[in-house]
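Treat the numbers as computed from the prediction; the structure is a model and nothing was measured.
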Amino acid sequence: MRRGRESDVREPEIRRVDLTERPDETQTGRRRNTELSIVTWIFVLLFVLLIGRVVYILVFQADGLKSNINNTKADTNSENVIRGDIITSGGTLLATTLVDESGNQTRSYPFDNLFAHVIGYASNGKSGLEATENYDLLTSHSSLLQQIQAGERGDKIQGDRVVVSLDPKLQQAAYYALGSYRGAVVVMEPDSGRILAMVSKPDFNPNTIGSEWESLSSDTNTSPLLNRAAQGLYPPGSTFKMVTALAYLREHPSDYQQFQWNCQGMLSEGDVTITCYNNEVHGQESLASAFANSCNTAFAKIGLDMDNRTLRSTAEDFLFNRALPAGLPSSQSVFKLNKDSSSGEQMTTAIGQGDTLVTPLHMALITSAIANGGVMMKPTYVDRIETSDGTVVKENSPEICAKVMSPEEAAVLTEYMTGTVTGGTAAALSGSGYTVAGKTGSAEYDAGGSTGTHSWFCGFAETGEPHIALAVIAEDGGTGSSTAVPIAKQILDTFFYG
């Protein structure tokens, strides 16, 4: 075999690629896949979040959306559903729909004015429980057979019933005890939050609200449509000393029992002077006796000496400056003291005056929390929803609103409030056959040149096993002991003795 010359043999051609000018296609693909994966996962995450939000709304916010007064979706059901009844757990009818032979419907309220603000009205708009329970009242869980039979007759189906916690005897007692005073009463169970009575005056007759709407809605002087129990804002006066006393306990956990004050009936700081009622001189006092006697100068001194932040944080623990889970439209209580407030603001705030404002419902919640060992329960008005023939659709359970103090703190305040009844400003409640713990208040106000004093009482009974808590305010009623305490006594007597 002839072997060629080495010069005739060609070496394989090697092609060189400049990587700086032409990226590797594999690397580019991987990068694109990575970017695509990131985008895909972002969309998956957003989808999961969207589904989670929908589930959260359906599971946790459904009741709130149903009761929202701006939710008018249920009103479309009125073409097929007769608005359901509102009754008490004992079967007392509070609101019903009457249907005449022609099929005309009229909403009827058997007790006229008695439950006006809490039950509300269902014409000229809606208010009260007629508004918050609108969805359930216009929903029917009647049996399929009943619905078919109604359809065959061309009749509307009866809506579900709302069974409320209101007690007709207590409601009537509160209504007549408040008498001709403008003001409000709230009665509730401390350990469940169930509202047993809610009265606001001036009031109205929901049966005639259509014909009287113009005069009622234009009355800015007495505001009869305003539910003062949940929406009226008042200076709390000495009832706020429950909050001030707790703040002092928290600042002096080991030596609060050593508090001493020599009351001379007056205390001045700068250009502000605080006086006890009628310039009464209480003399030497402990914290307990200062509370029982509602000594303004002692608590003004506490306000001066206390860190403003302590009083503010304690007030906000009690949900001041926050929306209440009220169940009905309500106003937000106001507390304005801050670290830079003046000495005058410190003194007036500590005794429940100044810029502090509160609703009667809020004061009932604060009082109930003390009675319930420091646990504030969410106020509720509805025990259950049932069909027109009594089949239970849904039952409501008690819910904790907030743990506002320790059981030990609540026990000390209970002791002080008991002293207010046994030997202090609420002594008219002692010797009634049941034990009461409470706090009176005389809240001075100055509105547009008009001055006066609102009468307050907040309390609970029995102190060994609290069954009932209440808050009473009578506008321009004077001292708490002169007006609010007798009102409270009539309600408590009704509760214990019927």
Inset, instruction - Give a yes or no on whether the backbone of Thr463 and the side-chain of Thr435 come within a donor-acceptor separation of less than 3.5 Å. - result: yes
Legend entry - Trace of the side chain to side chain contact (heavy atoms under 4.5 Å, CB included) decision for Phe335 with Thr349: CA-CA 9 Å; Phe335 183 89; Thr349 301; 3.4 Å; yes
Legend entry - Any donor-acceptor N/O pair, Ser455 side chain to Ala484 backbone, under 3.5 Å: yes
Legend entry - Any side-chain heavy-atom pair of Leu225 and Ile209 under 4.5 Å: yes
Inset, instruction - Could you please spell out the steps behind the side chain to side chain contact (heavy atoms under 4.5 Å, CB included) verdict for Thr479 and Thr440? - result: CA-CA 8 Å; Thr479 65; Thr440 57; over 6 Å; no
Legend entry - Test log, rule side chain to side chain contact (heavy atoms under 4.5 Å, CB included), inputs Leu129 and Val162: CA-CA 9 Å; Leu129 294 176; Val162 172; 5.8 Å; no
Inset, instruction - Determine the minimum heavy-atom distance between Ser481 and Pro486, stating which atoms define it. - result: O-CD, 3.5 Å
Inset, instruction - Identify the two heavy atoms, one from His117 and one from Asp203, that lie closest to each other, and give their separation to 0.1 Å. - result: CE1-CA, 3.5 Å
Legend entry - Test item: Ser331 side-chain N/O and Gln231 main-chain N/O as donor-acceptor pair under 3.5 Å: yes
Legend entry - Side-chain donor/acceptor of Ser127 to backbone N/O of Gly120, under 3.5 Å: no
Legend entry - Any donor-acceptor pair under 3.5 Å from Thr244 side chain to Ala350 backbone: yes
Inset, instruction - Working to the nearest 0.5 Å, report the span between CG of Leu287 and CG of Leu249. - result: 6.5 Å
Legend entry - Any side-chain heavy-atom pair of Ile351 and Ile274 under 4.5 Å: yes
Legend entry - Glu133 side chain near Ile86 side chain, heavy-atom distance below 4.5 Å: no
Legend entry - Partners passing salt bridge (charged side-chain N to carboxylate O under 4.0 Å, His left out) against Asp112 (at least two apart in sequence or in another chain): none
Inset, instruction - Taking all heavy atoms of Pro466 and all of Phe460, pick out the closest pair and write down the distance. - result: CB-CD1, 4.0 Å
Legend entry - Listed partners of Phe496 passing ring pair (Phe, Tyr, Trp, His ring centres under 6.0 Å), at least two apart: Tyr434
Legend entry - Rounded distance [0.5 Å steps], OG1 in Thr314 versus CG in Leu246: 5.5 Å
Inset, instruction - Decide if atom CD of Glu465 counts as having more than 12 heavy atoms of other residues, nucleotides or ligands within a radius under 6.0 Å. - result: no
Inset, instruction - Taking Ser313 for its side chain and Thr310 for its backbone only, find out whether a donor-acceptor pair lies under 3.5 Å. - result: yes
Inset, instruction - Verify, without hydrogens or angle tests, whether Gln353 (side chain) and Glu444 (backbone) share a donor-acceptor contact under 3.5 angstrom. - result: yes
Legend entry - Heavy atoms of other groups near Asp271 CG, more than 12 under 6.0 Å: no
Legend entry - By salt bridge (charged side-chain N to carboxylate O under 4.0 Å, His left out) - contacts of Glu345 (at least two apart): none
Inset, instruction - State the CG-CD distance between Leu178 and Gln490, to the nearest 0.5 angstrom. - result: 10.0 Å
Inset, instruction - Say whether, by atom type as modelled, one donor and one acceptor occur between the side chain of Glu316 and the main chain of Asn321 under 3.5 angstrom. - result: no
Legend entry - 4.5 Å side-chain heavy-atom contact, Gln346 and Leu311: no
Legend entry - Any Val186 side-chain heavy atom under 4.5 Å of Thr359 side chain: no
Inset, instruction - Decide yes or no for Tyr109 and Leu114: does some side-chain heavy atom of the first lie under 4.5 Å from some side-chain heavy atom of the second? - result: no
Legend entry - Separation between CD1 of Ile468 and CG of Asp191, rounded to the nearest 0.5 Å: 12.0 Å
Legend entry - Residues which pass side chain to side chain contact (heavy atoms under 4.5 Å, CB included) with Lys378, listed by chain and number, not counting sequence neighbours: Pro325, Glu399, Cys401
Inset, instruction - Quick one: closest heavy-atom pair of Met363 and Pro236, and the distance? - result: SD-CB, 4.5 Å
Legend entry - Member of Asp383, Asp167, Asn396, Thr380 meeting the side chain to side chain donor-acceptor pair (under 3.5 Å) criterion with Arg194: Asp383
Legend entry - Counterpart residues, salt bridge (charged side-chain N to carboxylate O under 4.0 Å, His left out), relative to Asp476 (two or more places apart): none
Inset, instruction - Check Thr297 against Cys263 and note the closest heavy-atom contact, atom names and distance. - result: OG1-SG, 3.4 Å
Inset, instruction - Measure from the side-chain N and O atoms of Ser200 to the backbone N and O of Arg228, and report whether any donor-acceptor pair falls under 3.5 Å. - result: yes
Inset, instruction - Please collect all ring pair (Phe, Tyr, Trp, His ring centres under 6.0 Å) contacts where either partner lies in residues 290-328, sequence neighbours excluded, each pair once. - result: Phe240-Phe320, Phe291-Tyr416, Phe320-His362
Legend entry - Residue pairs fulfilling ring pair (Phe, Tyr, Trp, His ring centres under 6.0 Å) with at least one residue in residues 244-269, sequence neighbours excluded: Tyr248-His252, Tyr248-Phe259
Inset, instruction - Answer yes or no: is there a side-chain heavy-atom contact under 4.5 Å between Val281 and Cys276? - result: no
Inset, instruction - Could you tell me whether the side chain of Glu251 and the main chain of Asp307 form a donor-acceptor pair under 3.5 Å? - result: yes
Legend entry - Under the ring pair (Phe, Tyr, Trp, His ring centres under 6.0 Å) test, residues paired with Phe111 that sit two or more places apart: Phe115
Legend entry - Enclosure of Arg309 CZ (heavy-atom neighbours >12, cutoff 6.0 Å): no
Inset, instruction - Name all pairs fulfilling the side chain to side chain donor-acceptor pair (under 3.5 Å) condition that reach into residues 280-294, sequence neighbours left out, sorted by first residue then second. - result: Ser238-Ser294, Lys241-Ser294, Gln260-Gln284, Glu285-Asn293, Ser286-Ser289, Ser294-Lys439
Inset, instruction - Answer whether the closest heavy-atom distance between the side chains of Ile119 and Leu166 falls below 4.5 Å. - result: yes
Inset, instruction - Find the distance between CG (Leu328) and CG (Leu361) and round it off to the nearest 0.5 Å. - result: 8.5 Å
Legend entry - Met377 side, atom CE; Leu365 side, atom CG - distance, nearest 0.5 Å: 11.0 Å
Legend entry - Nearest heavy-atom neighbours spanning Ala174 and Val199: CB-CG2, 3.8 Å
Inset, instruction - Determine, stepwise, if the pair Arg250 / Asp317 fulfils salt bridge (Lys or Arg N to Asp or Glu O under 4.0 Å). - result: CA-CA 12 Å; Arg250 290 178 173 177; Asp317 284 346; 2.8 Å; yes
Inset, instruction - List in chain and number order the residues that pass side chain to side chain contact (heavy atoms under 4.5 Å, CB included) with Asp355, two or more places apart in sequence or in another chain; answer none if no residue qualifies. - result: Lys336
Legend entry - Counterpart residues, salt bridge (charged side-chain N to carboxylate O under 4.0 Å, His left out), relative to Lys201 (two or more places apart): none
Inset, instruction - List in chain and number order the residues that pass ring pair (Phe, Tyr, Trp, His ring centres under 6.0 Å) with Tyr234, two or more places apart in sequence or in another chain; answer none if no residue qualifies. - result: His454
